[in-house]
Amino acid sequence: MQVFNSLGRESQTFTPRQEGKVAMYVCGPTVQAAPHIGHGRSAVAFDVIRRYLEWRGFDVTYVVNITDVEDKIIAAAAERGVSADVVATETAEQFRTAYRLLNVRPPDIEPKATDHIPEMITFIEELIASKHAYPAPNGDVYFAVRSYEPYGQLSGRKIDDLISGSRIEPGEDKRDPLDFALWKAAKPGEPHWDSPWGSGRPGWHIECSAMARKYLGHGFDFHGGGTDLAFPHHENEVAQAEAAYGAPFARYWLHNGMVNLSGEKMAKSTGLMVDLLESLVQYPPLAMRLFYLRTHYRRPVDFTVEAVEDAVKALERLWAFRRRFPGGPKQEALPDAMNRFQAFMDDDFDTAGALSVLFDLVREGNGRLDAGEPVGGWVAAYDEFIEVLGLSEPPVEVDDLSPALDKLAERFKIEPAGDPVATVERLVEVRTRARADKDFALSDAVRDELAVLGILVEDAAGGTRWHRQ
RNA sequence: GGUGCCGUGGCCGAGUGGCGAGGCGCAGGACUGCAAAUCCUGUCACACCGGUUCGAUUCCGGUCGGCACCUCCA
């Protein structure tokens, strides 16, 4: 399995730290504002990587943190007149909702920064003891960047190139403009915790280092996040961890590309944002997921209405195939398809290429079904791939249509079944009988009325099927 | 200014030193009571200019164009 490691900027063969196991840490959101479509892309990208590693037989420990103490959360809380904790909790819930809709599996561990203050304090103490950090007179603690010689290895920057861009903000007490805060002295009205350096709160970078270390130890396998985090956040994480222990922190760094809007960067600072939850209302959530997966995770992706609508149709094509073959597969997945799928995914998780295997399978499978040939191997392979990609069609859900279905049953003079799904099936039977009797007025009426409810009825060689739009 | 990425057919988007990924769209055809779904056929490209090579979209150099990071950000 080859992965593109940002650390070194090259494709490398993946070797796990411990045979059969993968320890993976992904930078989760700072819960300061509602999720946007960029968050969705990152979450989906790493969710698929996790699923694929499991599919390959690894026992994966998947950690995604929540940064719930930070300047912008504090600012948002002050603006609303509530505590930072309220903002963080509410926003975290929005993220969870969006991710659930996108079929992103919850992480094994989801640590919150505020639950790990003691670990961070310990970490900082160790850095001070090893002379890589120093407490400043103003109560802040800073990491001494120049004390860690390889600084810049991850982002490919040289310390001297960074100097021009660095500066000391008012109120900071750094010895060197490059240094960054590990601990920030408390300001009035802000959340704060006691520490050996007085009351304060942790800096952003130390949070991830401390939590990753706690749950995954040193030299864990994958560290993921958006490419925008590579510098300075990830660079600083590496510096802290490796300065403190002299041992590698994460072995493979994976960075997902950004989501652009019609070619422009999407960012709060530009005001160009697409709200994730809103777009998940506007489009089928799994179509959004497919939209993300059609581009390699490392490349930037351009969000356009056309591209998402394209994905809506492509997804329908996949699902339509699977509906032709109700029930579970009874056969082995096609070895050739399995090999091709794995070859793409083994090549730095090339979901776009892997999707082409899935679509090939669908075309061939449809052709075989049309010809009356067996397709068990095709369906079995489909099920494997669709699950790794997280694109399975959810079970039909018609409970909300129950009253409307009962009315239809009355209109077409049948007994409503207690279960709405069964009622639909009785209505479909009515239509089937009408067709057999060449009473097309009646059969079309049933189909049209069901269509009004969003239930589409299709006649196929093997019988009549229905699904909800 | 520094660092890095990219430029593929009507659109989106993989990939490869020589056998036209895939999806969407469009045009025909098959199937079908109609519809839907499906299948078949066609449309079939690699920004530009040089170089290496028997052969380059794929490697090298240059030109033009787009983007990202260098500051909080998935």
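Protein chains get the first letters and strands the later ones, always in sequence-line order, with residue 1 at the start of each.
N366(A) has a side-chain polar atom (N or O) that falls below the 4.0 Å cut-off from OP1 or OP2 of C39(B). Regarding contacts with the backbone of A14(B), a side-chain N or O of R299(A) is found under 4.0 angstrom from either OP1 or OP2.
Side chain of N103(A) to main chain of G390(A): a donor-acceptor pair is present (N/O by atom type, distance under 3.5 Å, no hydrogens or angles). Listed for the R201(A) side chain is no donor-acceptor partner under 3.5 Å among the backbone atoms of K187(A).
Under 3.5 Å, the side chain of H36(A) and the base of A74(B) form at least one donor-acceptor pair of N or O atoms. Between the side chain of D302(A) and the base of C12(B), no donor-acceptor pair of N or O atoms lies under 3.5 Å. Taking 3.5 Å as the limit, the base of G4(B) and the side chain of R9(A) contain no donor-acceptor pair of atoms between them.
Annotation: proximity of residues 443-452 of chain A to RNA chain B (heavy atom, distance under 4.0 Å) is found for S443(A), D444(A), R447(A), numbered in ascending order.
Counting to the nearest Å, the C1' atom of C72(B) and the CZ atom of R201(A) are 12 Å from each other. Between the CZ atom of R298(A) and the C1' atom of A14(B) there is a distance of 13 Å, given to the nearest Å. In this entry the distance linking CZ of R431(A) with P of U32(B) reads 16 Å, nearest Å.
Between the C1' atoms of C49(B) and A56(B), the separation comes to 15 Å (whole Å). Comparing the C1' positions of A36(B) and A47(B) gives an interatomic distance of 42 Å, to the nearest angstrom.
Between G353(A) and V457(A), it is G353(A) whose nearest contact on RNA chain B lies nearer the 5' terminus. Mapping A441(A) and R465(A) onto RNA chain B via the closest heavy atom, the residue that lands nearer the 5' end is A441(A).
A donor and an acceptor atom, one from each side chain of R41(A) and N256(A), are nowhere located under 3.5 Å apart. Side-chain contact, T61(A) with D108(A): no donor N or O sits under 3.5 Å from an acceptor N or O. Judged by distance alone, the side chains of Y25(A) and N65(A) do bring a donor and an acceptor atom under 3.5 Å apart.
Of the candidate nucleotides C39(B), A36(B), A14(B), A14(B) has the atom lying nearest to any side-chain atom of T295(A). Out of A74(B), A14(B), C70(B), the shortest distance to the side chain of H296(A) is found at A14(B). Side chain of P232(A), nearest nucleotide from G2(B), G15(B), C72(B): C72(B). The side chain of F344(A) approaches A14(B) more closely than any other nucleotide in the set C12(B), G33(B), A14(B). For A352(A), the listed nucleotide lying nearest its side chain is A14(B); candidates were G33(B), C67(B), A14(B). Nearest to the side-chain atoms of N260(A) among the listed nucleotides C67(B), A37(B), G33(B) stands C67(B).
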Considering only nitrogen or oxygen atoms on both sides, find all protein atoms under 3.5 Å from nucleotides 22-24 of chain B and state each distance.
from, atom 1, to, atom 2, distance (Å)
G23(B), O2', R294(A), NH1, 3.0
G23(B), N2, D310(A), OD2, 2.7
C24(B), O4', D310(A), OD1, 3.1
C24(B), O4', D310(A), OD2, 3.4

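Classification of R51(A) and E387(A) as a salt-bridged pair holds, one side-chain N sitting under 4.0 Å from a carboxylate O. A salt bridge does not link E316(A) to K313(A): none of the charged nitrogens lies less than 4.0 Å from a carboxylate oxygen. Ion pair R322(A)/E393(A) not flagged as a salt bridge, since none of the NZ, NE, NH1 or NH2 atoms sits closer than 4.0 Å to an Asp/Glu carboxylate oxygen.
G18(B) is paired with C54(B) under the criterion used here, namely a Watson-Crick or G-U wobble arrangement in which both key atom distances are under 3.5 Å. Across every strand in view, A47(B) sits in a pair with U63(B) that passes the Watson-Crick or G-U test at under 3.5 angstrom. Using Watson-Crick or G-U wobble geometry with both donor-acceptor distances under 3.5 Å, A27(B) finds its partner in U41(B). When both pairing distances are held under 3.5 Å, G1(B) makes a Watson-Crick or G-U pair with C70(B).
Among the candidates V64(A), I49(A), D221(A), the single residue satisfying the side-chain contact (heavy atoms from CB on, under 4.5 Å) test with M24(A) is I49(A). Screening F321(A), W319(A), F341(A) against Y382(A) for a ring pair (Phe, Tyr, Trp, His ring centres under 6.0 Å) leaves a single residue, F321(A).
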